[in-house]
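These figures come from a predicted structure and were not determined experimentally. Positions are given from 1 along the sequence.
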Amino acid sequence: MKSFFRFLSRNKLYTLVNIAGLVVSFMFIILIGDYTWRQYSIDSWHKHADRIYLMGEENNFFLWPQAAEGIKRLCPDVEQTCCVMSQRGRIKYGDKEVKDADDENGIIMLADSTFFQLFDFPLVEGDRRSALDAPDKCVITERLAHRLFGGKNAVGEPLQIVGERHVYINHTDPYDTTLVYTVSGVMKDMDRTVLPNETQIIVSMQRYPQVMGYKLDDTSFASGGTGGAKAFFLMKPGTHVDGTREIASKYIDEHHHGVWRDSKPVMTPLTDIIFAPQNTGAGMQKGDKTRLRILLAAVLAILFFAISNYINLTVANTGFRAKEMATRRLFGSSQTEISLKLIVESTLIVAFCFAVGLALAFYFQDAASELFRGKISLKNDVNVGSVSLCLGFILFLGFVSGILPSWHISSYQPIDIVKGSFRFHSKMVLGRLFIIVQNVVTITMLTAALVIWLQLNHLIHAPLGFNTENLFYVESPAGKSQTVRNMLEKMPFVERIGCYQGSTFTGYNFTGRGVKNSEGDYEMLMSTDLDKEAFDLLGLKMEFDWGDGDKELIAGILQDFRIINVLEDVRPMAIRKLETVENPNYLVKTNGDRQAQNAFRSMLHEQGVPEKVLQYYALSMEENIAETFEEHQNTLHIVTLFTLIAIVISVMGYMGLSLFFIRQRKKEIAIRKVMGSTSGEVLLLMLRTFSIPMLVSFVIAVPLSWHIMSDWLSNFSYRIALSPWIFVAAGLTCFILSLLTVIVQSWRAASENPVKNIKTE
């Protein structure tokens, strides 16, 4: 192998291009492979996974705990039920306290006593059958046990729970933080489940009103930051869910009439919940098949780029290793042995790059988890199966990468090389084909990034029926409303201030109640109170205006507007004239100064608002609308990242391939210069070789990317039109980057002294 390592050391660009491309592609292959496996194996490891279903309505997984029990009594096909609810909050043990992060689904889970009968989460200590059979019992995870008790046995220890209140129903207040719970078991940390992986304690569902701060009555559809109640059904072996759905539909219509409106019960298999459209991500892990397909397509494209670059450059370099291979043949090596040698060399490079890529994957797995919106845990997933798969992957890629160069070099006759009559000239047919495919993929990815960016801007700035530009919601801390107003009025960038209470217009702080419509069904009627200044700032338009009149009667009808964003349906809302109140909130119009939001938050922080909730006390309406498209923005980030990586790997491949192409034509260039050709003429000749594949790839990429992005845009009711300049911009960008790479190499060759290259021949 010494000759191979010597060759690598002498051809540094060849080595850099191949290793860099393979390392990056393998890193993403490992990260996305683990991510994908985890997404598709979620909860499949439970013994009864094929018989467990989650019931909800067509738009959300929510079911009243009392409804789950009522349906079970009526349905003979249901073996058992289990309701769960997640909650953010704090867990206290003496002076020690553990709380969740702001972006988590909640560390507290309330569950029925049947939880460990339906699910196979392993217990390290305690009895599965009795772990949650009393209101004061709780099960904690190993992580929490270690944080609170160290090496001490946690079973029998007392804990207190303080939940964060998200929902207020009626005037009752069952919230109680003084209740004590006794640890009855310790379980493994939750993993590979749709239930919140950050859960650290499971307590009895019997005390949910004391933890959540409300009790669900038959007309309440409560859902806070961690979602609402979720009901799992364990069906008896050999039964179907159709009968259960019918019974559930009748039961809900009878006991919870109209709350679901026209929606019918839906029963989703346990292993399908992560990708179900009803999964909003509140209180559960949420997957996205579209994101998965994008990730898989992007990483396969990058892997293809890296492998094709390796094959291209290796084939281009076979002429420079021909003498070595001919000498081996003359000393008795067979063609099979030489081919095997090249395959082993490729496998060694692949194995080395895979090892480096694995190390980088471990380093970047947390960042990748955040970007991909899913858990990646490489250490936990190392087993015989995953190791065997990786070894097979390395051997396969090593064989594929080495077989073509070995076949190419076998066409040389050793005697010609030894006699000196061999001249290596490649028409680069395979290389040009790879260039075309690479450019097609790169242009398509760049087009996708442009279209997604334009569509997002189109959605964020779409007309909603009210003003949002430079408007902020500023909430007042209790008892400091007038102080906040006085400070707002002194800020130089504040132009106007209105007052409001109740629902906002951007999806934050909903206030309302269920009211019966003309058909007797319940609808959620949102309500807000505005003074005249706030009403004018929002720019709401009246359809009919019947004057002030009696404040108990309808005084007018507003033109429809869309709350949250342009893709949301028009929601019923009642707007009342704001009477004098002690503690109003403010709708603030600024002059567009970018420091306004930070100034508002600093001012509120001085008035005692905790830093962790400042973002909810000073909200930009425009930014809040943009946040509702967070999933699409995440998709844009992913596509952009992989597009940039693809462009870099593609440019590196161009650089290496153009260099080796020029090296084998140095004599031709020198002769043309001696015969009178200028450096510019030689440069144009070299560029023509690479420009034609670029133009061919553009012709292929345009209809392909148009079809893909038209299909993606069809998912939006409000969308942009695909303009020709989008494709021109993507194609021109790729063309210019590739051309600049080739120009640098070609200009050097065209500018060299021709005598130097003729002498070397």
If you round to the nearest 0.5 Å, how far is [atom2] of [Y] from [atom1] of [X]?
| X | Y | atom1 | atom2 | value |
| --- | --- | --- | --- | --- |
| Lys375 | Met190 | NZ | CE | 10.0 Å |
| Lys230 | Met284 | NZ | CE | 5.0 Å |
| Arg576 | Asp531 | CZ | CG | 14.0 Å |
| Glu489 | Tyr586 | CD | OH | 8.0 Å |
| Phe362 | Ile376 | CZ | CD1 | 11.5 Å |
| Arg147 | Ile91 | CZ | CD1 | 8.5 Å |

Test your reading of the model: is there a side-chain donor-acceptor pair from [X] to the backbone of [Y], 3.5 Å cut-off?
| X | Y | answer |
| --- | --- | --- |
| Lys589 | Leu587 | no |
| Thr199 | Ile201 | no |
| Thr226 | Ser86 | yes |
| Thr36 | Gly33 | no |
| Ser602 | Ala599 | no |
| Lys286 | Asn279 | yes |
| Thr590 | Gly592 | yes |

Exercise. What do you reckon, is CD of Glu370 surrounded by more than 12 foreign heavy atoms closer than 6.0 Å?
Worked result: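 Atom CD in Glu370 is not packed in, count stays at 12 or less.
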
For this session: Can you establish whether the number of heavy atoms outside Trp712 located under 6.0 Å from its atom CH2 is more than 12?
Result: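 Yes - once you tally the heavy atoms of other residues, nucleotides and ligands closer than 6.0 Å, there are more than 12.
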
Do [X] and [Y] have side chains that approach each other closer than 4.5 Å (heavy atoms only, starting at C-beta)?
| X | Y | value |
| --- | --- | --- |
| Val484 | Met603 | yes |
| Leu159 | Leu148 | yes |
| Tyr175 | Val211 | no |
| Gln597 | Glu623 | yes |
| Leu604 | Val474 | yes |
| Leu537 | Asn467 | no |
| Leu471 | Phe466 | no |
| Arg601 | Tyr617 | no |

For this session: Determine whether the aromatic ring centres of Phe561 and Phe505 lie less than 6.0 Å apart.
Result: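 Centroid separation for Phe561 and Phe505: below 6.0 Å.
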
Exercise. Is the Phe716-His632 ring centre distance short of 6.0 angstrom?
Worked result: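 Aromatic pair counts; centres sit under 6.0 Å.
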
Problem set entry | side-chain contact (heavy atoms from CB on, under 4.5 Å) assessment of Gln285 paired with Thr193 | CA-CA 8 Å; Gln285 305 296 317; Thr193 176; over 6 Å; no

Exercise. Between Leu179 and Ile161, does a side-chain contact (heavy atoms from CB on, under 4.5 Å) hold up when you go through it step by step?
Worked result: CA-CA 8 Å; Leu179 295 174; Ile161 293 175; over 6 Å; no

For this session: Decide yes or no on salt bridge (charged side-chain N to carboxylate O under 4.0 Å, His left out) for Arg90 and Glu97, but give the supporting numbers first.
Result: CA-CA 7 Å; Arg90 295 172 287 150; Glu97 184 177 287; 3.3 Å; yes

Exercise. Under 30°, 30 to 60°, or over 60°: which ring-plane class applies to His458 and Tyr718, parallel, tilted or perpendicular?
Worked result: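 Geometry flag for Tyr718 against His458: parallel rings.
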
For this session: Check Asp34, Leu31, Leu360 against Gln365 for a side-chain contact (heavy atoms from CB on, under 4.5 Å) and give me the one that passes.
Result: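 Among Asp34, Leu31, Leu360, the one meeting side-chain contact (heavy atoms from CB on, under 4.5 Å) with Gln365 is Leu31.
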
For [X] and [Y], does a side-chain donor sit closer than 3.5 Å to a side-chain acceptor?
| X | Y | answer |
| --- | --- | --- |
| Gln482 | Asn486 | yes |
| Tyr473 | Ser620 | no |
| Asn583 | Ser476 | no |

Nearest atoms (heavy-atom pairs only) where [X] meets [Y]:
| X | Y | value |
| --- | --- | --- |
| Leu737 | Ile647 | CD1-CG2, 3.6 Å |
| Cys499 | Arg485 | SG-NH1, 3.4 Å |
| Thr528 | Gly502 | OG1-C, 4.1 Å |
| Ala449 | Thr640 | CB-OG1, 4.2 Å |
| Tyr208 | Leu110 | CA-CD2, 3.4 Å |
| Phe472 | Asn470 | CD1-O, 3.9 Å |

Exercise. What do the steps show when you test Asn565 against Leu459 for side-chain contact (heavy atoms from CB on, under 4.5 Å), and what is the final call?
Worked result: CA-CA 8 Å; Asn565 62 52; Leu459 292 173; over 6 Å; no

State plainly whether the residues [X] and [Y] are in salt-bridge range, i.e. N to O under 4.0 Å.
| X | Y | answer |
| --- | --- | --- |
| Arg88 | Glu164 | no |
| Arg165 | Asp173 | yes |
| Glu631 | Arg291 | yes |
| Asp176 | Arg207 | no |
| Glu198 | Arg143 | no |

Exercise. Should Phe28 and Phe642 be marked as a ring pair (Phe, Tyr, Trp, His ring centres under 6.0 Å) after you check the CA-CA gap, both sets of side-chain angles, and the distance that decides it?
Worked result: CA-CA 10 Å; Phe28 281 109; Phe642 283 105; 4.8 Å; yes

Problem set entry | Step-by-step side-chain contact (heavy atoms from CB on, under 4.5 Å) determination, Phe600 to Met491 | CA-CA 9 Å; Phe600 295 153; Met491 293 182 177; 3.5 Å; yes

